[in-house]
Visitor: 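Take a look at the following structure, please.
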Amino acid sequence: MSDCIFCQIAAKEVPADLVYEDDQVVAFRDINPQAPVHLLVIPRKHISGLDTAGEADLPVLGRLAAVVADLARKEGLEAGYRLVVNNGPDAGQAVEHLHYHLLGGRKMSWPPG
Ligand code: 5GP
Ligand code: ZN
């Protein structure tokens, strides 16, 4: 068993509110939502962050973006949404498995905190 919480969720060793899965990508609701819709969209493969994604990972990065757009439609986010990747300590990355935060259902402010 991996000691990475998101690998455990992808393997269904730890429960999560899954909203999408395919052979490469898994999406589930954030346990501590920061907006009415707050999904985490991850590659099944353990990639620690964007900066460690290699050439071979480019297809899954594209797929993550396509799944995000599809989920945004399914979640009714026609009015807009925000896609966030926290990469590294300055960004506050807490889980070292690449994940896209899909946030929507309320007005977002800019700049982000
Ligand atoms: P980060 O700060 O690394 O970008 O975000 C990690 C996110 O993962 C946080 O928003 C946090 O609430 C979420 N999270 C951490 N552990 C779990 C978990 O076990 N289950 C779910 N569903 N979300 C989690
Ligand atoms: Zn992992």
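Just so you know, these numbers use all the heavy atoms, side chains as well, and skip hydrogens, waters and symmetry mates. Not measured: the values here are computed from a predicted model. One-based numbering, in listed order, for ligands and for the atoms of each.
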Visitor: If I compare all heavy atoms of Lys12 with all of Glu21, which pair ends up nearest, and what's the gap?
Guide: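 So the minimum-distance heavy-atom pair works out to NZ-OE2, 2.7 Å.
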Visitor: For the rings on Phe28 and Tyr20, is their centre-to-centre separation under 6.0 Å?
Guide: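 So the answer is no for these two rings.
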Visitor: For Asp3 and Gln8, which heavy atoms make the closest approach, and how far apart are they?
Guide: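 Nearest heavy atoms, Asp3 then Gln8: CA-NE2, 3.7 Å.
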Visitor: Asn32 heavy atoms, cut-off 4.0 Å: which ligand 1 atoms fall inside?
Guide: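 Under 4.0 Å from Asn32, ligand 1 has these atoms: 12 (O).
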Visitor: Name the closest protein heavy atom to atom 24 (C) of ligand 1, giving the residue it belongs to and the distance to 0.1 Å.
Guide: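 For atom 24 (C) of ligand 1, the nearest protein heavy atom comes out as Ile31 CG2, 3.6 Å.
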Visitor: Which atoms from ligand 1 have a heavy atom of Ile5 less than 4.0 Å away?
Guide: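 Within the 4.0 Å cut-off of Ile5, ligand 1 contributes 19 (O).
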Visitor: Among protein heavy atoms, which sits nearest to atom 15 (C) of ligand 1, and what does the distance come to when rounded to 0.1 Å?
Guide: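 For atom 15 (C) of ligand 1, the nearest protein heavy atom comes out as Val95 CG2, 4.1 Å.
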Visitor: With heavy atoms of Asn86 as the reference, note each atom of ligand 1 found under 4.0 Å away.
Guide: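 Counting from 1, the qualifying ligand atoms are 1 (P), 2 (O), 4 (O).
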Visitor: Going only through I, L, V, M, F, W and Y residues with side-chain contacts under 4.5 Å, is there a path from Leu40 to Val85?
Guide: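 No, it is not one cluster - the side chains of Leu40 and Val85 are not joined through contacts under 4.5 Å.
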Visitor: Please state which option from Ala16, Gly92, Ala94 has its nearest heavy atom closest to atom 3 (O) of ligand 1.
Guide: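 Result: the heavy atom closest to atom 3 (O) of ligand 1 is in Ala94.
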Visitor: Just to confirm my output: which protein heavy-atom neighbour is closest to atom 22 (N) of ligand 1, and how far is it?
Guide: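 Sorting protein heavy atoms by distance from atom 22 (N) of ligand 1 puts Arg29 O, 2.9 Å first.
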Visitor: Can you sort out which atoms of ligand 1 are near Leu40, meaning under 4.0 Å from one of its heavy atoms?
Guide: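 Selected atoms, number and element: 8 (O), 13 (C), 23 (N).
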Visitor: Aromatic ring centroids of His99 and His101 under 6.0 Å?
Guide: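 When the ring centroids of His99 and His101 are compared, they turn out to be within the sub-6.0 Å range.
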Visitor: Shortest non-hydrogen contact from Gly88 to Gln93?
Guide: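 Taking Gly88 first and Gln93 second, the nearest heavy atoms are N-OE1, 2.8 Å.
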Visitor: Are Leu39 and Val68 connected into the same hydrophobic cluster when the rule is that any two of I, L, V, M, F, W, Y join if their side-chain heavy atoms are below 4.5 Å apart?
Guide: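 Hydrophobic grouping puts Val68 with Leu39.
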Visitor: To check your reading of the model: name the closest protein heavy atom to atom 18 (C) of ligand 1, its residue, and the distance in Å.
Guide: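 Among all protein heavy atoms, the one nearest atom 18 (C) of ligand 1 is Ile9 CD1, 4.0 Å.
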Visitor: Quick one: do Arg44 and Asp22 satisfy salt bridge (charged side-chain N to carboxylate O under 4.0 Å, His left out)? Show the steps, please.
Guide: CA-CA 9 Å; Arg44 273 191 193 279; Asp22 63 29; 5.5 Å; no
Visitor: Relative to the Zn ion (ligand 2), how many protein N, O or S atoms have a separation of less than 2.8 Å?
Guide: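 My tally for this metal is 4.
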Visitor: For atom 12 (O) of ligand 1, find the nearest protein heavy atom and state the residue, atom name and distance (0.1 Å precision).
Guide: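 Here the closest protein heavy atom is Asp30 OD1, 2.5 Å.
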Visitor: After noting the C-alpha distance and the side-chain angles of Leu103 and Val37, does the key distance pass the side chain to side chain contact (heavy atoms under 4.5 Å, CB included) rule?
Guide: CA-CA 6 Å; Leu103 297 146; Val37 175; over 6 Å; no
Visitor: Testing the basics here: between Met108 and Ala35, what is the closest heavy-atom pair and its distance to 0.1 Å?
Guide: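 Taking Met108 first and Ala35 second, the nearest heavy atoms are CE-CB, 4.3 Å.
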Visitor: Tell me the protein heavy atom at minimum distance from atom 16 (N) of ligand 1, and give that distance in Å.
Guide: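 The answer is Phe6 CE2, 4.3 Å.
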Visitor: Please give me the minimum heavy-atom distance between Leu102 and Leu71, naming the atom from each residue.
Guide: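 Heavy atoms only, the tightest pair is CD2-CB, 4.1 Å.
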Visitor: Please confirm whether His99 comes under 4.0 Å of ligand 1, counting heavy atoms of the residue only.
Guide: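 Yes, that is the case, since the closest heavy atom of the residue is under 4.0 Å from the ligand.
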Visitor: Hey, is His101 one of the residues with a heavy atom under 4.0 angstrom from ligand 1?
Guide: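 Yes, that is the case, since the closest heavy atom of the residue is under 4.0 Å from the ligand.
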Visitor: Please examine the side chains of Asn86 and Val95, heavy atoms only from C-beta on, and report whether any two atoms are closer than 4.5 Å.
Guide: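 Result no, sub-4.5 Å side-chain heavy-atom pair not found.
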